Colleague: 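Sharing a structure here in structure tokens format.
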Amino acid sequence: MAGSGVFEDIIEGDVFKYYTDGEWKKSASGKSVAIINPTTRTTQYKVQACTQEEVNKVMESAKIAQKQWAKTPLWKRAELLHKAAAILKEHKAPIAECLVKEIAKPAKDAVTEVVRSGDLISYCAEEGVRILGEGKFLVSDSFPGNERTKYCLSSKIPLGVVLAIPPFNYPVNLAVSKIGPALIAGNSLVLKPPTQGAVACLHMVQCFHLAGFPKGLINCVTGKGSEIGDFLTMHPGVNCISFTGGDTGVAISKKAGMVPLQMELGGKDACIVLEDADLDLVAANIIKGGFSYSGQRCTAVKVVLVMESVADALVEKVNAKVAKLKVGPPEDNCDITPVVSESSANFIEGLAKDAKAKGATFCQEYKREGNLIWPLLLDNVRPDMRIAWEEPFGPIVPVIRINSIEEGIHHCNASNFGLQGCVFTKDINKAILISDAMETGTVQINSAPARGPDHFPFQGLKDSGIGSQGITNSINMMTKIKSTVINLPTPSYTMG
Ligand code: NAP
């Protein structure tokens with residue numbers, strides 16, 4: 001159960017504590033932030049509302065701890081990460097329970113998220129040992145006008161304090177996708193978890209604590225992003241920001257100082273379906289891609305662009321599968337569970353109503369109870385409807401019928417987003433041409449968009465982000481290059 005057993009230190013009374021200096025602490029604010037269970041719509045947990053003074057102290061601790069950590073051998077850093085990964089996996093059940101209660105993630109998927117996170121941490125340790133164990137040796141005579149009088153040794157060094165801010169939908173996985181690379185690269189960490197998902201993150205942090213990381217190296221401050229977010233992201237003690245979320249990321253990137261930014265933001269992933277596509281495969285991928293975790297995934301299929309000649313057949317196949325989706329509470333492992341908040345449900349409803357008013361075909365009756373919205377396929381969507389462009393982050397998938405490949409590519413590229421996209425066809429030559437033409441960070445051929453496996457490069461173009469994630473890219477992003485140049489008094493050429 002949450003907050004019990006090895007996790008009993010992380011709670012006092014009914015409020016979970018924040019973590020800094022290797023200790024669990026209560027905030028001097030005396031205030032807490034309620035986490036509302038999306039299913040019951042009542043308060044499930046409470047976390048500390050940390051103050052600006054506490055953030056200042058956390059930054060100071062992180063800065064001091066990082067100096068020591070940078071002097072810790074790489075293999076020892078890796079060893080601790082492997083230990084944390086094992087502890088996290090061992091305690092997957094209580095952490096998964098938090099995900100079920102805080103963000104209504106289906107129970108089975110919640111366990112998968114925690115296990116995947118443990119694997120990600122271990123992979124970071126292994127990849128870090130490999131890529132940070134290598135540097136470069138350059139000689140000067142390759143550049144015109146130079147003799148071989150200079151030897152340049154360059155290696156990757158840490159940035160300092162990394163601020164990690166994950167979103168609600170994969171709070172544990174998207175936190176460790178920042179924590180693992182940051183730590184193996186010799187950085188310290190300040191984590192600001194999403195409010196919905198904070199308690200799962202605090203449990204995850206306790207797993208790092210139990211693994212025995214040095215005091216102050218990992219810190220976790222809680223509070224509403226709208227209240228402490230600006231103070232954190234503009235804090236002079238921060239040397240790197242790794243953020244995953246929505247439009248907030250655009251605002252952060254405008255306010256942040258001269259620090260490296262990694263931004264993973266929203267998406268409107270298009271699924272282009274050609275006439276020769278295997279429609280059963282497409283339908284299965286629309287269901288998986290569009291409705292998994294009730295559509296609350298950055299890489300969800302958010303618009304289907306299907307050739308008119310096969311549209312009827314595809315819509316029929318998808319509808320048959322939608323009818324089989326189990327709708328209900330996350331505890332029962334339902335496919336469609338309540339969306340994260342009432343405001344989110346209201347937003348989704350607004351998109352549905354707009355589409356209705358403008359003449360979209362509702363393949364199912366629109367149904368909502370509290371935050372639970374039944375899965376909905378909207379056919380005959382047109383570009384004047386909001387759902388054609390906006391990210392619903394809910395179980396609604398719009399279908400736009402197209403008459404040419406160019407029309408599909410045009411719609412995809414007219415979006416402000418450019419996260420992923422997918423194309424279904426048996427013609428690999430066409431698939432490659434379409435992939436090249438789509439202005440998105442990744443294009444999947446014959447499968448729905450997906451973030452994983454976690455070591456693949458993952459990036460958004462346009463408003464979907466800055467930089468590239470994936471384990472190797474994140475480790476590299478959280479380092480900078482340092483060179484030492486040895487100047488010889490006379491040219492020297494190494495002889496065989
Ligand atoms: P969000 O509202 O942008 O929140 C993301 C994080 O930012 C949360 O931890 C939030 O804390 C925090 N935050 C809020 N205001 C802040 C501020 N002023 N300064 C600093 N941090 C602040 O996003 P979300 O609703 O959690 O997640 C959904 C969005 O994330 C979607 O747009 C989705 O596409 C995107 N996403 C993208 C990816 C990707 O890899 N590209 C992956 C997953 C999700 P609070 O919870 O306390 O407000």
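Remember, it's 1-based here, ligands and their atoms both numbered in the order they're listed. Note that the numbering runs from 1 along the sequence shown for the chain. Note that this is a predicted model, so its numbers are computed, not measured.
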Colleague: Does F16 have its ring centroid less than 6.0 Å away from the ring centroid of W24?
Modeller: no
Colleague: Check this for me, if you would: do K92 and E113 make a salt bridge, where the nitrogen-to-carboxylate-oxygen distance has to be below 4.0 angstrom?
Modeller: no
Colleague: Is at least one protein non-hydrogen atom found at under 4.0 angstrom from atom 4 (O) of ligand 1?
Modeller: no
Colleague: Is there a heavy atom in G223 that sits closer than 4.0 Å to ligand 1?
Modeller: yes
Colleague: Between the side chains of Q262 and S474, does any donor sit under 3.5 Å from an acceptor?
Modeller: yes
Colleague: So is L174 close enough to ligand 1, meaning a heavy atom under 4.0 angstrom away?
Modeller: yes
Colleague: Check each heavy atom of A251 against ligand 1 and say whether those closer than 4.0 Å belong to the side chain, the backbone, both or neither.
Modeller: neither
Colleague: Picking from K353, K356, E349, what satisfies side-chain hydrogen bond (donor to acceptor under 3.5 Å, both in side chains) with Y366?
Modeller: E349
Colleague: Nearest heavy atom to atom 37 (C) of ligand 1: which of L232, L265, D269, I165 does it belong to?
Modeller: L265
Colleague: Under 4.0 Å, heavy-atom basis, I'd like to know which part of Y170 is in contact with ligand 1: side chain, backbone, both or neither.
Modeller: neither
Colleague: Which protein non-hydrogen atom lies closest to atom 46 (O) of ligand 1, naming both residue and atom, and how far is it?
Modeller: T195 N, 2.9 Å
Colleague: With a 4.0 Å cut-off on N to O distance, would you call D21 and K215 a salt bridge?
Modeller: no
Colleague: Under 3.5 Å between any N/O of E264 and any N/O of ligand 1: does that happen in this structure?
Modeller: yes
Colleague: Do any nitrogen or oxygen atoms of F393 lie less than 3.5 angstrom from nitrogen or oxygen atoms of ligand 1?
Modeller: no
Colleague: Under 3.5 Å, is there a donor-acceptor pair between the Q469 and E264 side chains?
Modeller: yes
